[in-house]
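Because the structure is a prediction, the values reported are computed rather than measured.
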Amino acid sequence: QVQLVESGGGLVQPGGSLRLSCAASGSVFRINDMVWYRQAPGKQRELVAAIRSGGSVNYTDSVKGRFAISRDNAKSTVYLQMNSLKPEDTAVYYCKAERAGWGGEEYDYWGQGTQVTVSS
């Protein structure tokens with residue numbers, strides 16, 4: 001019922017910047033949290049940043065001060081601004097939308113993933 005389309009990934013040199021976008025469509029009402037995850041080769045998927053419907057945000061320690069998550073509820077879109085990128089930021093980045101069902105259950109919807117490569 002929810003489709004997520006990501007954009008903005010690519011190749012960037014260390015110290016550079018990228019902005020990822022994730023646009024939700026379909027049954028976008030009752031989406032509470034929108035979250036960015038990433039998965040590097042050989043590692044588990046980890047949470048990068050999350051933003052609640054009211055605007056509260058959380059970041060994993062490794063990206064604090066460098067990344068910023070934001071959302072435009074009118075456009076049903078979440079963004080991840082990534083500055084001062086490091087090689088260890090290289091990963092596939094995934095967008096997730098968390099939607100509440102009418103009975104209180106939680107539904108998760110995932111984007112297709114976008115590759116971010118930080119290399120000189």
Contacts satisfying disulfide (SG to SG under 2.5 Å) that involve residues 63-95 (not counting sequence neighbours) are Cys22-Cys95
Minimum heavy-atom separation for Tyr59 and Ala68, please, with both atom names.
OH-CA, 3.2 Å
Roughly how far, to the nearest 0.5 Å, is the OG atom of Ser56 from the CD1 atom of Ile51?
8.5 Å
Note: Ala100 and Asn32 closest approach over all heavy atoms is CB-ND2, 3.6 Å
Measure from the side-chain N and O atoms of Arg19 to the backbone N and O of Gly8, and report whether any donor-acceptor pair falls under 3.5 Å.
no
Run the side-chain contact (heavy atoms from CB on, under 4.5 Å) check on Leu20 and Val116 step by step: do they pass?
CA-CA 9 Å; Leu20 306 183; Val116 172; 4.1 Å; yes
Hydrophobic clusters here meaning ILVMFWY residues chained together by side-chain heavy-atom distances under 4.5 Å, can you tell me if Val48 and Trp110 are in one?
no
Give the table of side-chain donor-acceptor pairs shorter than 3.5 Å for residues 78-85, with sequence neighbours excluded, one pair per line with atom names and distance.
unit_1	atom_1	unit_2	atom_2	d
Gln81	NE2	Asn83	OD1	3.0
Asn83	OD1	Ser17	OG	2.9

Which heavy atom of Asn73 sits nearest a heavy atom of Ser53, and at what distance?
ND2-O, 3.7 Å
What closest approach, in Å, do Ala50 and Val35 show between heavy atoms, and which atom pair accounts for it?
CB-CG2, 3.9 Å
Whether the side chain of Arg71 engages the backbone of Arg52 through a donor-acceptor N/O pair (distance < 3.5 Å, no angle test) should be reported.
yes
ILVMFWY cluster, Leu18 and Phe67 together (side-chain gap under 4.5 Å)
yes
Are Val57 and Leu47 in one and the same hydrophobic cluster, where Ile, Leu, Val, Met, Phe, Trp and Tyr link if side-chain heavy atoms are under 4.5 Å apart?
no
With side chain to side chain donor-acceptor pair (under 3.5 Å) as the rule and sequence neighbours excluded, what pairs involving residues 92-103 come up?
Gln1-Arg99, Tyr37-Lys96, Arg38-Tyr93, Lys96-Glu98
Could you tell me which residues satisfy side-chain hydrogen bond (donor to acceptor under 3.5 Å, both in side chains) with Glu6, sequence neighbours excluded, listed by chain and number?
none
Around Gln44, counting heavy atoms of other residues, nucleotides and ligands shown, do more than 12 lie under 6.0 Å from its CD?
no
Could you check whether any side-chain N or O of Glu88 sits under 3.5 Å from a backbone N or O of Lys86, counting only pairs where one atom can act as donor and the other as acceptor?
no
Please examine the side chains of Ser76 and Ser25, heavy atoms only from C-beta on, and report whether any two atoms are closer than 4.5 Å.
no
How far apart are the closest heavy atoms of Val2 and Ala24, and which atoms are they?
CG1-CB, 4.3 Å
Run the side-chain contact (heavy atoms from CB on, under 4.5 Å) test against Gln115 and tell me which residues pass, sequence neighbours left out.
Thr90, Val92, Thr117
Closest heavy-atom pair, Gln39 versus Ala91, reported as atoms and distance to 0.1 Å, is O-CB, 3.4 Å
Going by side-chain hydrogen bond (donor to acceptor under 3.5 Å, both in side chains), name the residues that satisfy it together with Arg66, two or more places apart in sequence or in a different chain.
Asp89
